[in-house]
Amino acid sequence: MVKCLHKDFNHPNGYSFAPENTKIGSLQMFVSNVGSCEDMGYRVFPVDQVHKISVLDIRLANADRHAGNILVSRDGKDGQMVLTPIDHGYCFPNKFEDCTFEWLYWPQAKEPYSSETVEYIKSLDPEQDIELLRFHGWE
């Protein structure tokens with residue numbers, strides 16, 4: 001999350017260099033890719049990659065994870081398939097009326113998590129996450 005101020009942003013009450021004109025949003029990095037998961041069969045995705053996305057989505061309460069917002073690329077070293085989740089616009093929703101975790105229906109999601117992933121999950125501290133969110137202005 002970043003706070004930005006620019007005269008070209010939408011300013012319904014007019015622009016001035018003032019804190020009330022600051023916009024909050026996400027800073028994103030371009031990821032070279034060969035398409036999205038939507039463009040190919042999900043059975044080819046590595047289990048560990050699907051598991052990483054599942055952990056991220058559950059931790060961020062991402063209510064809109066579908067195949068169209070997971071990019072597919074190839075690792076330059078060994079050509080391994082890498083999944084990159086994009087579009088986190090529905091994270092931390094106020095209510096969970098219409099959540100989409102498309103990966104939940106993929107066979108990889110039914111495989112056991114690796115010991116490394118389980119240890120990572122165990123190391124997470126939800127209270128610390130809540131404090132961090134509050135520190136950055138989220139309630």
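Here the structure is a predicted model, which is why all the values come from computation and not from measurement.
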Sequence neighbours left out, cut at 3.5 Å: what donor-acceptor pairs do the side chains of residues 121-128 make with other protein atoms?
| unit_1 | atom_1 | unit_2 | atom_2 | d |
| --- | --- | --- | --- | --- |
| S123 | OG | Y120 | O | 2.6 |
| D125 | OD1 | E127 | N | 3.1 |
| D125 | OD1 | Q128 | N | 3.3 |

Which pairs of donor and acceptor atoms, one on a side chain in residues 30-41, lie under 3.5 Å apart (sequence neighbours left out)?
| unit_1 | atom_1 | unit_2 | atom_2 | d |
| --- | --- | --- | --- | --- |
| N33 | OD1 | G35 | N | 3.0 |
| N33 | ND2 | V31 | O | 3.0 |
| S36 | OG | E38 | N | 3.2 |
| D39 | OD2 | S36 | N | 2.9 |

Mind listing the side-chain donor-acceptor pairs of residues 81-92 below 3.5 Å, one per line with the distance, residues two or more places apart or on another chain?
| unit_1 | atom_1 | unit_2 | atom_2 | d |
| --- | --- | --- | --- | --- |
| D87 | OD1 | G89 | N | 3.3 |
| H88 | ND1 | R65 | NH2 | 3.2 |

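Taking the side chain as every heavy atom from C-beta outward, D57 and W103 approach each other to under 4.5 Å.
Taking the side chain to side chain donor-acceptor pair (under 3.5 Å) definition, one finds that S114 meets it with E116, T117, sequence neighbours left out. The salt bridge (Lys or Arg N to Asp or Glu O under 4.0 Å) search around R74 returns none, not counting sequence neighbours.
Members clustered with L5: Y15, F17, by chain and number, using a 4.5 Å side-chain heavy-atom cutoff among hydrophobic residues.
The distance from atom OH of Y105 to atom NZ of K110, rounded to the nearest 0.5 Å, is 8.5 Å. The CD atom of Q49 sits 10.5 Å away from atom CD of Q108, with the distance rounded to the nearest 0.5 Å.
For NZ of K3, the number of neighbouring non-hydrogen atoms (other residues, nucleotides, ligands) closer than 6.0 Å is 12 at most.
D129 and R59 get closest at one heavy-atom pair: OD1-NH2, 2.7 Å.
Under the side-chain contact (heavy atoms from CB on, under 4.5 Å) rule, H51 has a single partner from I53, V47, D48, V55, which is V47.
Ring planes of F45 and W106: tilted class, angle from 30 to 60°.
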